[in-house]
Amino acid sequence: MDTIVIQPTGLEQAAELIQHGETVVFPTETVYGLGADATNPDAVLKIFKAKNRPADNPLIVHVSSLSMIEEVTSDFNEVAKTVAKHFMPGPITLVLKKAAHIPDAVSAGLPTVGVRFPKHPVARELITKAGTPISAPSANISGTVSATSFSDVYRELNGCVGGIVCGDDCEFGIESTVLDVTGEIPVILRPGSITLEMLQEILPKTRLHPSLIEGTEEKKPASPGMKYTHYSPKAEVVLVYGKMDTIISHFESHLDEQECLFLFSEEYDTFSKNKMCLGTKTDLSQMAHEIFRLLKRADLEGYQKIYIPAVEEKGIGLSIMNRLKKSSGGKVLSL
Ligand code: AMP
Ligand code: MG
């Protein structure tokens with residue numbers, strides 16, 4: 001398939017592709033999305049095909065106004081409206097009862113639908129110009145690392161989609177927080193840049209789904225997508241626990257040619273071997289912004305193994321670790 005590369009100034013062409021039932025990749029503030037008309041079942045199926053996505057993993061529906069949320073859901077309740085008032089547009093997805101006209105292919109047969117109102121001007125303009133909600137999962141082959149830059153998207157999906165909108169690198173760098181607001185107590189199904197702590201400030205009862213809490217017996221995944229292997233580069237990923245100076249001195253003598261250590265800027269200059277920089281450890285939003293891009297870069301540079309320092313599972317650190325535990329498939333090194 002020929003893929004058209006579209007500039008953000010030429011969104012009419014991208015909107016036309018969507019209206020004609022084609023797939024279009026576009027930038028958002030979280031990661032790039034692989035979109036199609038959410039009301040057109042054939043178009044939606046093209047997303048699953050392009051990504052090789054399991055059919056039981058539902059898609060998030062992207063809208064460009066609060067009134068569009070009313071259109072794609074059947075119960076935009078008070079809890080959801082409170083979250084929307086504080087955090088929309090932005091990097092959060094609300095799971096709500098779906099409207100009848102949203103195809104089962106979108107919701108993977110569930111009675112609910114995930115809805116997101118992105119902040120990114122290009123995403124919003126595309127939805128508005130297309131005149132329809134756009135269902136869009138992350139723009140990557142299922143199981144691999146989400147794309148956060150145009151070059152990563154182009155390398156992986158050129159030839160698999162109708163169009164790619166060429167935008168900037170994504171601001172947040174990890175996917176949206178998914179919040180189930182169908183009940184009285186909001187439940188985080190997937191942690192993201194809108195953190196548990198931020199949500200509890202406005203809705204104190206907000207909690208994490210039990211499967212996201214270490215040491216609980218809950219085995220059922222928080223949402224269908226959480227049961228699959230995810231965020232995996234080709235290289236093996238190992239999470240490293242320990243003090244930074246111990247980590248540095250260990251790898252000074254143990255890092256092979258084919259291996260790479262991700263480091264924070266505070267220690268970066270002190271390490272003499274293969275390394276990539278996660279930004280400062282005093283602001284983990286930088287690590288969130290960088291992490292997927294660096295995993296992809298490590299693959300491109302041919303590394304076989306990537307060591308990443310574990311971070312405290314609090315705030316955005318919880319969301320980063322949620323992704324990295326999947327990338328590593330549970331492989332850890334304690335120093
Ligand atoms: P992606 O768009 O690839 O980042 O994945 C979307 C995530 O949202 C997946 O983990 C889905 O399982 C989850 N999701 C989407 N819709 C729903 C829904 N209706 N109920 C629960 N989880 C959902
Ligand atoms: Mg994804």
Side-chain angles (χ1 to χ4, degrees), residues 23 25-36 38 44 47-63 69 72-76 80 91-100 102-118 123 133-148 152-153 156-157 170 172-183 186-194 208-212 220-233 288 291-292 295-296 319 322-327:
T23 48
V25 173
F26 59 96
T28 83
E29 69 275 21
T30 56
V31 299
Y32 272 73
L34 198 176
V44 169
I47 297 177
F48 285 90
K49 192 162 167 251
K51 275 191 66 123
N52 195 21
R53 184 174 175 103
D56 68 348
N57 190 3
L59 306 178
I60 290 170
V61 173
H62 292 66
V63 298
I69 298 182
V72 300
T73 61
S74 61
D75 179 22
F76 189 20
I92 189 159
T93 295
L94 297 178
V95 172
L96 285 161
K97 281 193 195 128
K98 83 175 183 78
I102 296 301
D104 279 344
V106 170
S107 63
L110 294 173
T112 53
V113 64
V115 189
R116 186 159 112 72
F117 176 6
I134 296 180
S135 51
S138 50
N140 56 285
I141 304 301
S142 273
T144 67
V145 179
S146 305
T148 57
D152 285 337
V153 164
E156 287 170 32
L157 291 174
C170 302
F172 292 102
I174 56 170
E175 306 85 349
S176 61
T177 304
V178 177
L179 186 71
D180 183 343
V181 279
T182 53
V187 180
I188 294 179
L189 305 181
R190 176 176 71 183
S193 295
I194 305 293
L208 292 172
H209 187 274
S211 65
L212 299 174
K220 201 171 172 288
S223 73
M226 302 296 270
K227 69 173 181 270
Y228 291 107
T229 313
H230 219 151
Y231 318 115
S232 305
I291 192 71
F292 287 159
L295 289 172
K296 286 180 185 288
S319 314
N322 169 266
R323 308 306 192 270
L324 291 181
K325 283 180 180 176
K326 290 177 190 256
S327 303

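Atoms within a ligand are numbered from 1 in the order they appear, just like the ligands themselves.
- Between Thr73 and Val115, some side-chain heavy-atom pair lies under the 4.5 Å cut-off.
- Arg116 and Thr28 share a side-chain donor-acceptor pair at under 3.5 Å.
- In summary, the atoms of ligand 1 found under 4.0 Å from a heavy atom of Gly114, numbered by their order in the structure, are 16 (N), 19 (N).
- Electrostatic pairing of Lys51 and Glu156 does not count as a salt bridge here, judged by no charged N lying under 4.0 Å from a carboxylate O.
- Neither the backbone nor the side chain of Thr93 has any atom closer than 4.0 Å to an atom of ligand 1 (non-hydrogen atoms only).
- You'll find the side chain of Ile47 reaches within 4.5 Å of the side chain of Leu59, heavy atoms only.
- By the criterion of a heavy-atom distance under 4.0 Å, neither the backbone nor the side chain of Lys98 is placed next to ligand 1.
- Protein-derived N/O/S atoms nearer than 2.8 Å to the Mg ion (ligand 2) total 1, waters excluded.
- Among Ser146, Ala108, Pro58, the residue whose heavy atom lies closest to atom 15 (C) of ligand 1 is Pro58.
- Within the 4.0 Å heavy-atom criterion, the part of Asn57 lying near ligand 1 is the side chain and not the backbone.
- Thr30 and Ser176 share no donor-acceptor pair across their side chains, judged by distance under 3.5 Å alone.
- Ser327 contributes a side-chain N or O that, together with a main-chain N or O of Tyr231, makes up a donor-acceptor pair within less than 3.5 Å.
- Between the side chain of Asn140 and the main chain of Thr144, a donor-acceptor pair closer than 3.5 Å is present.
- Checked by atom type and distance alone, the side chain of Thr177 pairs as donor or acceptor with a backbone atom of Ile194 at under 3.5 Å.
- Between Pro91 and Glu175 the shortest side-chain heavy-atom distance does not fall below 4.5 Å.
- Interface of Leu110 with ligand 1, defined as ligand atoms under 4.0 Å from a residue heavy atom, comprises 18 (C), 19 (N), 20 (N).
- Interface atoms of ligand 1 facing Val113, defined by a heavy-atom separation under 4.0 Å, are 19 (N).
- Aromatic ring orientation, Phe26 versus His62: perpendicular (interplanar angle above 60°, classes split at 30° and 60°).
- Nearest to atom 18 (C) of ligand 1 by heavy atom, out of Ile47, Asp56, Thr112, is Thr112.
- Residue Thr182 holds its OG1 atom at 7.5 Å from CG of Leu96, rounded to the nearest 0.5 Å.
- Every atom of ligand 1 is numbered from 1 in the order shown, and the set under 4.0 Å from a heavy atom of Ser138 is 1 (P), 2 (O), 3 (O).
- Considering backbone and side-chain N/O atoms, Glu175 never comes within less than 3.5 Å of an N/O atom of ligand 1.
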